[in-house]
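To start, the structure under review is shown below, and the notes come after it.
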Amino acid sequence: MKRARAEILSTRKLGAYQSITLVAPEIADRARPGQFLAISMPAGRDFVLRRHFSIHQASRRGGWAGTLEFVVDPSSGPGTGWLSGVAAHEFLDVIGPLGKGFSFPKRLTNCMLVAEGRGAAELYFLAQELVARHKRVDMVIGAPTMEAVFKPIEAKRLSQTVAVVTADGSLGEKGSVLDVLPEAVARAGTEVLYAAAAPRTLRDVAEFCAVQRIPAQVAVEERMGCGFGLCATCVVPVARKEGGGFDNLRACVEGPVFNPARVLWDRWIADAATFRELRQAVATEDGDAG
Amino acid sequence: MKRARAEILSTRKLGAYQSITLVAPEIADRARPGQFLAISMPAGRDFVLRRHFSIHQASRRGGWAGTLEFVVDPSSGPGTGWLSGVAAHEFLDVIGPLGKGFSFPKRLTNCMLVAEGRGAAELYFLAQELVARHKRVDMVIGAPTMEAVFKPIEAKRLSQTVAVVTADGSLGEKGSVLDVLPEAVARAGTEVLYAAAAPRTLRDVAEFCAVQRIPAQVAVEERMGCGFGLCATCVVPVARKEGGGFDNLRACVEGPVFNPARVLWDRWIADAATFRELRQAVATEDGDAG
Amino acid sequence: MPAKDRTLAVDLGGVTLPTPAMIAAGCAGGGRELAGLVDLHRVGGLVSRTITVHPRPGASTPRIAESPSGVVWNTGLQNAGIDAFVADELPRLARAGAPTFVSIGGGTLEEYVRLTSALQARPEVAAIEVYLSGRDETMDHEILGAHVERLVEIVGAVARTSLVPVFAKLPGGVADVVTLARSAVRAGATGLTLSGSPPALAVELGTLRPALGDVTGWLSGPALKPLTLRTIFEVSVAMPHVPLIASGGIRTGSDAVECLLAGAWAVQIGTGSLVDPAAPVEVARGIAASLKALGLRAPGDLRGRLRLPAVPDRAAGA
Amino acid sequence: MPAKDRTLAVDLGGVTLPTPAMIAAGCAGGGRELAGLVDLHRVGGLVSRTITVHPRPGASTPRIAESPSGVVWNTGLQNAGIDAFVADELPRLARAGAPTFVSIGGGTLEEYVRLTSALQARPEVAAIEVYLSGRDETMDHEILGAHVERLVEIVGAVARTSLVPVFAKLPGGVADVVTLARSAVRAGATGLTLSGSPPALAVELGTLRPALGDVTGWLSGPALKPLTLRTIFEVSVAMPHVPLIASGGIRTGSDAVECLLAGAWAVQIGTGSLVDPAAPVEVARGIAASLKALGLRAPGDLRGRLRLPAVPDRAAGA
Ligand SMILES: Cc1cc2nc3c(=O)[nH]c(=O)nc-3n(C[C@H](O)[C@H](O)[C@H](O)COP(=O)(O)OP(=O)(O)OC[C@H]3O[C@@H](n4cnc5c(N)ncnc54)[C@H](O)[C@@H]3O)c2cc1C
Ligand SMILES: Cc1cc2nc3c(=O)[nH]c(=O)nc-3n(C[C@H](O)[C@H](O)[C@H](O)COP(=O)(O)OP(=O)(O)OC[C@H]3O[C@@H](n4cnc5c(N)ncnc54)[C@H](O)[C@@H]3O)c2cc1C
Ligand SMILES: Cc1cc2nc3c(=O)[nH]c(=O)nc-3n(C[C@H](O)[C@H](O)[C@H](O)COP(=O)(O)O)c2cc1C
Ligand SMILES: Cc1cc2nc3c(=O)[nH]c(=O)nc-3n(C[C@H](O)[C@H](O)[C@H](O)COP(=O)(O)O)c2cc1C
Ligand code: FES
Ligand code: FES
């Protein structure tokens with residue numbers, strides 16, 4: 001992990017996203033798919049924490065050696081909004097690569113990559129590395145709309161088959177990744193599955209993999225105070241390997257890639273259905289003024 | 001007083017300053033020399049209050065009708081720094097014209113205008129109005145350096161004589177406005193004096209005018225919570241006309257132009273010489289833990 | 001929900017406001033200044049500057065300085081005293097068009113009683129807000145309202161003397177706010193304003209001096225929002241039927257809706273009004289939009305509807 | 001002042017720090033994480049996460065949310081318990097290179113005593129910081145450290161049991177901090193950390209839910225600076241000889257110098273370290289620059305040198 005004052009080499013709009021390429025050789029050299037960056041926000045704003053972005057591309061060789069690309073959804077809020085407006089040749093304060101990335105299968109060959117929205121960015125990086133290791137890559141790519149499907153051409157280039165689904169049906173099939181996953185897996189003879197998506201999707205993917213007995217790795221996102229292990233805010237409850245019980249593991253150090261079979265999904269995800277109203281929840285104090 | 005979403009017509013660097021011209025007909029129509037504007041800062045910053053700027057120019061006639069110009073010292077802090085970087089065709093949320101401006105002499109003719117630094121901006125507006133009323137205008141313009149002397153050519157154009165002084169001697173005489181004021185007043189046969197400068201300079205000018213029995217008006221600056229009379233933070237202690245005592249009057253409503261003979265300068269200005277150290281000032285509490 | 005059935009009006013224990021978005025004490029001027037900047041008939045209410053028995057010249061300047069997302073201020077409660085207020089400012093304030101709350105402050109019980117009495121015969125007064133962040137001259141406490149006995153004594157006396165509803169504005173930056181809130185209500189307060197600005201200090205590094213002329217001051221502005229939300233939440237859970245007015249860090253419609261969800265009945269906008277005098281109207285508009293989006297009829301329908309996890313502390317069960 | 005005579009070292013009543021800029025509790029990791037991001041030999045000291053007797057899984061996520069110039073957090077004091085801490089984390093923390101303060105927290109007197117005893121034989125511990133913002137399980141108080149009797153009991157017991165200096169970290173958002181501070185020092189605290197994060201709530205409007213998994217949390221970050229300055233100022237005026245460590249809203253050298261001027265002996269950087277792990281070193285550099293500019297020798301020469309007006313309240317004489 002390194003900290004760098006990294007120059008922006010280029011920044012461009014890609015559908016619903018902004019793709020930013022940095023010159024950061026020390027980080028690029030060490031980067032693995034699934035790892036991420038922590039980027040400083042400008043001084044003088046009313047928000048202070050770093051923002052976190054998966055690595056989409058780390059070039060260690062060739063003309064782009066030493067560069068690092070990540071993809072921002074500018075609609076997320078003020079931080080991503082600001083970042084998408086930063087121009088080439090400005091500098092960003094970046095810490096990375098952070099976290100534990102995906103690991104590559106040793107024996108198994110057929111890899112299914114399941115991505116929702118900007119989750120695709122880090123999986124393309126993974127796909128490249130898998131292809132370089134002579135694995136078969138297939139993909140299921142989902143998004144709310146056509147614009148939010150990240151680089152579908154790139155997906156085609158990297159994989160044997162790509163199933164695209166959008167919630168509004170504007171590209172590919174209409175639906176969610178779970179709708180097409182079983183068929184895609186069957187067709188591809190999937191032996192290992194990787195996913196980067198919203199928590200609830202990941203939970204469903206985890207269940208699917210458990211039933212199908214497909215080993216899997218998923219990249220999660222959790223709110224982070226730092227991104228490099230200091231504050232224990234970013235935890236995910238993960239079952240212990242032995243002895244029972246669970247540990248709240250930091251997504252920024254022990255993750256963001258976890259074995260979905262060990263994540264306690266229902267403990268982690270605050271399910272909308274488990275909420276109820278304040279007035280029912282809290283009994284009025286005994287015959288008091290209230 | 002009006003509030004407007006005003007388009008920036010142009011913005012340009014003028015020596016140490018940034019001069020910004022707005023399209024704000026409703027405000028320009030009403031503006032008088034000595035009045036000021038309250039300008040909103042952008043959302044998402046860690047500073048929230050409006051910033052205040054004297055009106056340098058309000059065009060009611062001709063090609064520039066409906067425009068308003070003010071001058072910013074960008075080195076003051078984050079607000080002025082931001083404002084100097086705003087580009088033409090962006091919009092500012094402006095409230096103005098605010099406060100009570102200078103009043104024009106009815107009978108007396110010879111007017112001396114004394115300005116320090118950016119204080120000159122509002123006095124040129126005043127000079128114009130005085131000239132239009134067939135008054136004689138002379139000026140003493142001071143600044144720390146040559147770059148901080150605001151539009152010396154404009155000063156020449158508007159007045160019979162101009163004395164320029166800089167603290168470092170890089171333009172005009174070396175010194176402060178008070179050094180050259182007595183001679184300038186004598187030479188011009190000054191009957192009325194106007195000043196816009198730092199508090200301590202204004203105090204010295206007030207003393208000079210009192211001794212010389214020259215009626216005067218000075219424009220002050222005080223920290224403002226609003227700029228339009230809501231919060232009573234911007235007060236200046238002013239002697240009552242009758243009955244003795246003083247009132248803390250709001251610089252934003254009853255000022256920023258005051259009769260210096262009635263300002264209680266020593267009460268208003270926290271004089272550096274009246275400070276002493278904490279440890280001497282506050283007695284240690286009796287034989288306690290401390 | 002047909003639009004015509006929707007309302008922004010709120011009833012705070014007897015005083016009805018056209019909208020839940022008020023202007024906070026010390027941030028509304030004297031009745032004339034806001035004309036032309038905001039339509040006061042569309043403002044929920046306004047609170048006067050804090051009035052004392054005797055005229056006060058107020059603090060030395062500077063009286064305001066900035067801090068991260070906040071301001072530190074000390075006006076020293078400059079005001080012309082209750083007699084001049086009743087004669088001049090009160091009628092002007094009330095004529096401006098919004099329900100007028102009068103903020104009263106003192107250092108002794110007698111002062112509070114005198115202030116309340118002086119307002120008794122005035123039909124312009126919609127409610128009294130009791131400022132409790134000042135020094136207790138009788139007991140020599142730093143902050144009068146932080147001490148239950150004194151709070152009860154003073155709020156009780158004001159409530160007994162007043163002919164209009166009384167809101168106790170609890171001081172900011174105090175622990176056990178639920179205990180204080182309960183005491184104030186037991187003593188007779190109709191409702192509570194939560195909270196006053198907490199004590200603060202700003203330093204001007206360049207001169208090694210305090211940024212304010214009177215050295216210390218109070219913190220206001222957006223920085224306070226999470227503190228206000230917490231206070232409102234705790235007190236409203238303890239006393240869901242007591243009208244609570246949120247104060248501290250509210251500037252936008254979202255801020256206000258967050259406060260209502262946490263349990264507020266209305267909100268006050270202080271610093272926000274200084275920056276954007278039309279803020280109370282925009283906040284009311286934001287609340288209306290939320291009602292519409294959620295299919296609700298009135299601000300009270302948002303109140304306390306923060307959705308809590310079924311098991312407040314899931315980890316505790318681990 | 002020749003540069004060689006200048007020093008950044010401070011002595012906090014027996015514990016000497018190489019610089020006055022520490023990393024605050026819960027923001028320093030477990031000893032390994034900061035390697036490569038900051039040279040810990042140039043950090044004044046670090047405070048461990050708050051350690052409890054038993055392991056704690058901590059709060060539900062989200063555990064952090066943003067507010068204007070601040071963060072609202074609730075980790076639920078996740079930690080492995082004192083035994084695992086002493087066995088694994090403490091040696092790692094101490095090896096990292098900065099003087100190690102251990103933060104201890106509990107709900108009962110017995111827990112505090114057990115925690116202190118477990119640290120007694122450990123040479124790695126430079127000082128103990130007593131976390132006092134938690135719930136008092138014995139007395140059922142919301143915030144243990146807001147009650148003088150309990151504060152005295154617990155701080156007293158820790159001080160009697162400890163072989164190293166003890167710093168009481170007073171809870172944030174409490175009135176009468178001078179009284180609490182005095183009580184803690186009388187009970188045996190070497191010094192004070194001022195202050196813990198005040199109670200807060202953040203609401204996520206889009207879902208009508210609290211932004212944190214455990215509903216409520218605490219406010220940290222720049223927003224707190226004027227509150228910290230005020231607390232430091234008041235306590236240092238009352239007890240100029242008691243080592244005070246400022247915590248809350250400090251990120252830059254200027255922030256730190258402001259705190260020293262107001263009366264702090266050292267500062268802690270919490271949120272600032274999460275954003276910029278090198279902040280403690282930069283803050284130390286900023287302090288050094290101020291010393292140089294003012295021709296002073298040591299951080300202690302800045303302490304309490306805020307220049308006050310000769311007449312604190314000039315207006316009062318009006
Ligand atoms: C490991 C990891 C990898 C990520 N990769 C990407 C990526 O490649 N591209 C991308 O656009 N976004 C990514 N995100 C999400 C991204 O960090 C947030 O969208 C961003 O921080 C939002 O900031 P904001 O100011 O725009 O929005 P706001 O919602 O205003 O942010 C407020 C706070 O919430 C946090 N936050 C908001 N959304 C998320 C989220 N989904 N996950 C974690 N924290 C969040 C912010 O960091 C900030 O602290 C990733 C997050 C994590 C944890
Ligand atoms: C009536 C009036 C007219 C002014 N006219 C001009 C002008 O024509 N051109 C110009 O450049 N500046 C003018 N100023 C000063 C200008 O308002 C401040 O320089 C500016 O607000 C500083 O903001 P900042 O964020 O850059 O600096 P900061 O120092 O960070 O500002 C912090 C706070 O202090 C206040 N403040 C700082 N300096 C002053 C000051 N001198 N007077 C009042 N408040 C201050 C700011 O408004 C803000 O609230 C005028 C001020 C007043 C009151
Ligand atoms: C300049 C200024 C003056 C104030 N004067 C008073 C006052 O006289 N009485 C009072 O109770 N509160 C006063 N307040 C506090 C506000 O009423 C309000 O409670 C506080 O500012 C927090 O709200 P905000 O964040 O919306 O400003 C004042 C605040 C400011 C900024
Ligand atoms: C994520 C996080 C975790 C924290 N954990 C602890 C803790 O375990 N014990 C403690 O005493 N304070 C804890 N704090 C509070 C800090 O030590 C510090 O007092 C507070 O954040 C204010 O300082 P700051 O503004 O520099 O962050 C924590 C703060 C944050 C942001
Ligand atoms: S984000 Fe701070 S530990 Fe993971
Ligand atoms: S600045 Fe608010 S009254 Fe003058």
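Each chain gets a letter, A, B and so on, in the order the sequences are listed, and its residues count up from 1.
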Under 4.5 Å, counting heavy-atom pairs only, tell me which of D:S254, D:A293, D:G249 racks up the most with chain C.
D:S254
Do the side chain of D:R230 and the main chain of C:A200 share a donor and acceptor less than 3.5 angstrom apart?
yes
As an exercise: rank D:S290, D:A175, D:G76 by heavy-atom pairs under 4.5 Å with chain C and give me the winner.
D:A175
Using non-hydrogen atoms and a 4.5 Å limit, figure out which bit of D:H147 sits close to chain C: side chain, backbone, both or neither.
side chain
Most contacts with chain C, counted as non-hydrogen pairs under 4.5 angstrom, among D:P222, D:S67, D:P199:
D:P199
Below 4.5 Å, heavy-atom pairs only: which of D:I143, D:V178, D:D176, D:L302 has the largest tally toward chain C?
D:D176
Give me the atom names and distance for the closest heavy-atom approach of C:R209 to D:R307.
CG-O, 3.5 Å
Using the side chain to side chain contact (heavy atoms under 4.5 Å, CB included) rule, take D:V215 and C:F233 through it: C-alpha gap first, then chi angles, then the decisive distance, then the call.
CA-CA 10 Å; D:V215 184; C:F233 178 69; 3.9 Å; yes
Taken to the nearest 0.5 Å, the spacing of D:L308 CG from C:D214 CG works out to 11.5 Å
In the structure I gave you, are the side-chain heavy atoms of D:L201 and C:I232 within less than 4.5 Å of one another anywhere?
no
Is the shortest side-chain heavy-atom distance between D:L205 and C:L261 below 4.5 Å?
yes
Highest number of heavy-atom pairs under 4.5 Å with chain C among D:G70, D:A211, D:A223 belongs to D:A223
Where does C:T231 contact chain D at under 4.5 Å (heavy atoms): side chain, backbone, both or neither?
neither
For chain C, which of D:L219, D:L294, D:T216 has the most heavy-atom pairs under 4.5 Å?
D:T216
Heavy-atom check, side chain of D:V72 versus side chain of C:L229, under 4.5 Å
no
